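One structure is given here, and the rest of the page talks about it.
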Amino acid sequence: MVLQKPKGTQDLLPGTVEKWQYLEQKARDVCRRFNYKEIRTPIFEHTELFQRGVGETTDIVEKEMYTFRDKGERSMSLRPEGTAGVVRAYVENKLYGEPEISKLFYIGPMFRYEQPQAGRYRQFHQFGIEAFGSVDSTLDAEVIALGYLFYKEIGLKDVRVEVNSVGTPEDRALYRSKLLEFLTPLKDKLCRDCQSRLERNPLRVLDCKVDQGHFEGAPSILDSLSEASSAHFEKVREALEAMGIPYSVNPRLVRGLDYYTHTAFEYKAEGIGAIDTVGGGGRYNGLVAQVGGHDQPGVGLGLGLERILLVMEAKGIEIPPSPQPDVYLIALGEQAEMKAAELLFQLRSRGLTAEKDYQSRKMKAQLKSADRLQARYAAILGEDELAAGNISLKNLADGQQETIPLDRLAEALAEKK
Ligand code: ATP
Ligand code: MG
């Protein structure tokens, strides 16, 4: 039996991988403009990092982690998200960097043991950013703006931004008791997941897609915020407005990670069936200390790349075409083949994209390959040309053919670019 890839994973083949490169390149370019620097952390970490950094009562840690014992009997987990690892690296490498703040980004695979469906995989990829060292509201707004600009530049022009404030742990404790008062009488009507969430994480209940019908008149977290928390949120909104970023306030937005404080936000788009969230993030002022570092505030986001590609596909958004190969070398005869190998290396060394046949096929078959590859030129080297020190250059777009000295080939191709 032929072995198959694990459930919930994907092979990214040529033809598709270019789309990934395009997204990655755009992400890097946007980060450059906002002055975020790349960080690469391990794909597996001590399980404890995620327990502390993501939160014991989250779906991720409770149900979705790929956890295993290594040969040294240590409990390790494949990273289910990017923030915990970046926070650990920030602390471990003392990137406190005062008086400057640290602005970092990552792009890479994440792993969650979930039921695969469109837009939900077991290995998926995130582009994320984290900014440490400031409680300034304009930094929250900058993070939201970076994601917004990224979506916009890849053609997802109608991504919606939803923002909320989940306040401080104290604000949330107050809200939690008000919310429990509202939700407890409804318990029997809620879905199974929400019934068990009710005690452990009641804020998540309001986020439930199934139970939305029951939540009319639910208390809003925005009414439980302290004055300082409200002021922070107000300034985030002001900064978004100053930048001209459209958003709406969704007081039920809480996100599935425990570490958020104050600002929480999501990006929404249509085109992936039941799923509409393509990315999200928020502020996490207690997290760095929780992972064992100085008490430094942070704010960040994580965007799923698979979901972006699904939305692009649904909306018919194309990526810019890859450049065509410059030339396909057609060599006829053994001597010409050796010369072609030499020429090919010269052309490639000069930065041209060049290819040849490796199966000693007939001229006609080789010309077909040149067409299939969409090469701009075919360069034909037969025994006669070789003897005369020439090569024929055929423009594959208009069929024009000319003969040029062999040693002018690279130059001629470069001129014709
Ligand atoms: P969901 O509610 O859809 O499960 P989440 O709250 O678990 O999302 P986050 O942890 O906030 O998602 O991750 C940020 C982004 O990463 C998501 O908005 C999504 O684009 C992507 N993402 C999360 N889980 C998956 C997955 N299993 N497969 C593909 N993309 C994912
Ligand atoms: Mg999830």
Side-chain angles (χ1 to χ4, degrees), residues 6-10 12 20 23 27 50 53-55 57-66 77-87 105-130 143-144 146-148 150-151 154 156 159-164 166 191 193-194 197 201 203-212 250 252-260 263-284 287 299-314:
K7 195 170 159 185
T9 65
Q10 289 179 294
L12 304 175
W20 286 82
L23 289 188
F50 301 116
V54 178
T57 64
T58 55
D59 283 353
I60 292 181
V61 170
E62 276 189 341
K63 307 190 266 207
E64 299 172 358
M65 278 214 294
Y66 276 92
S77 296
L78 301 184
R79 62 183 188 193
E81 54 93 63
T83 304
V86 173
V87 169
F105 81 89
Y106 58 86
I107 302 173
M110 308 293 159
F111 305 85
R112 296 186 195 176
Y113 193 79
E114 298 201 74
Q115 218 32 59
Q117 63 180 85
R120 202 175 290 291
Y121 308 93
R122 292 185 174 174
Q123 173 170 344
F124 63 99
H125 299 77
Q126 281 186 347
F127 157 42
I129 67 171
E130 316 291 351
V143 169
I144 297 171
L146 187 152
Y148 175 78
F150 172 68
Y151 286 123
I154 55 178
L156 269 60
V159 164
R160 285 174 289 120
V161 181
E162 290 188 0
V163 299
N164 191 24
V166 296
C191 73
D193 272 351
C194 283
R197 272 183 202 138
N201 203 347
L203 272 69
R204 275 291 269 167
V205 173
L206 289 189
D207 217 18
C208 175
K209 293 222 164 59
V210 188
D211 292 332
Q212 278 306 318
N250 173 2
R252 292 189 184 161
L253 191 164
V254 290
R255 318 251 320 117
L257 303 151
D258 274 357
Y259 47 61
Y260 289 114
T263 316
F265 59 91
E266 281 187 347
Y267 301 97
K268 307 230 162 166
E270 274 71 48
I272 331 177
I275 293 175
D276 65 353
T277 306
V278 288
R283 180 167 274 288
Y284 45 81
L287 182 61
V299 53
L301 59 69
L303 316 180
L305 298 183
E306 284 79 0
R307 289 189 191 176
I308 292 176
L309 287 168
L310 286 169
V311 175
M312 286 174 79
E313 205 163 297

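As the structure lists them, so they are numbered: ligands from 1, and atoms in each ligand from 1. Predicted model only: the values in this text are computed from it and were never measured.
In summary, the aromatic rings of Tyr267 and Phe265 are positioned with their centroids under 6.0 Å apart.
Taking CZ of Phe50 as the reference point, atom OG1 of Thr83 lies at 10.0 Å (rounded to 0.5 Å).
Counting atoms of ligand 1 from 1 in the listed order, those under 4.0 Å from a heavy atom of Gly304 are 15 (C), 16 (O), 20 (O), 21 (C). Shown in contact with Tyr121 at under 4.0 Å from a heavy atom are these atoms of ligand 1, numbered in order with element: 26 (C), 27 (N), 28 (N), 29 (C). Remark: ligand 1 atoms within the under-4.0 Å shell around heavy atoms of Gly302 are 14 (C), 15 (C). Counting atoms of ligand 1 from 1 in the listed order, those under 4.0 Å from a heavy atom of Gly279 are 18 (O).
Around atom CD of Glu313, no more than 12 heavy atoms belonging to other residues, nucleotides or ligands sit under 6.0 Å away. In Tyr113, the OH atom is not crowded: 12 or fewer heavy atoms of neighbouring residues, nucleotides or ligands sit closer than 6.0 Å.
Residues Ile308 and Leu305 have side chains in contact (heavy-atom distance under 4.5 Å, counting atoms from C-beta outward). Residues Glu64 and Arg122 are not in side-chain contact: their nearest non-hydrogen atoms beyond the backbone lie 4.5 Å or more apart.
The side chain to side chain donor-acceptor pair (under 3.5 Å) test with Glu306 is passed by exactly one of His125, Gln123, Gln126: His125.
Across the listed options Gln117, Gln126, His125, Glu81, Gln126 owns the non-hydrogen atom lying nearest to atom 15 (C) of ligand 1. The heavy atom nearest to atom 12 (O) of ligand 1, out of those in Glu266, Arg204, Gln115, Arg112, is found in Arg112. Heavy-atom proximity to atom 30 (N) of ligand 1, evaluated over Tyr267, Phe124, Tyr113, Phe127, is greatest for Phe124. For the residues Glu306, Arg120, Arg122, the heavy atom positioned nearest atom 1 (P) of ligand 1 is part of Arg120.
The closest approach between any non-hydrogen atom of Val278 and ligand 1 is below 4.0 Å.
Ligand 1 has no N or O atom lying under 3.5 Å from any N or O atom of Ile60, backbone or side chain.
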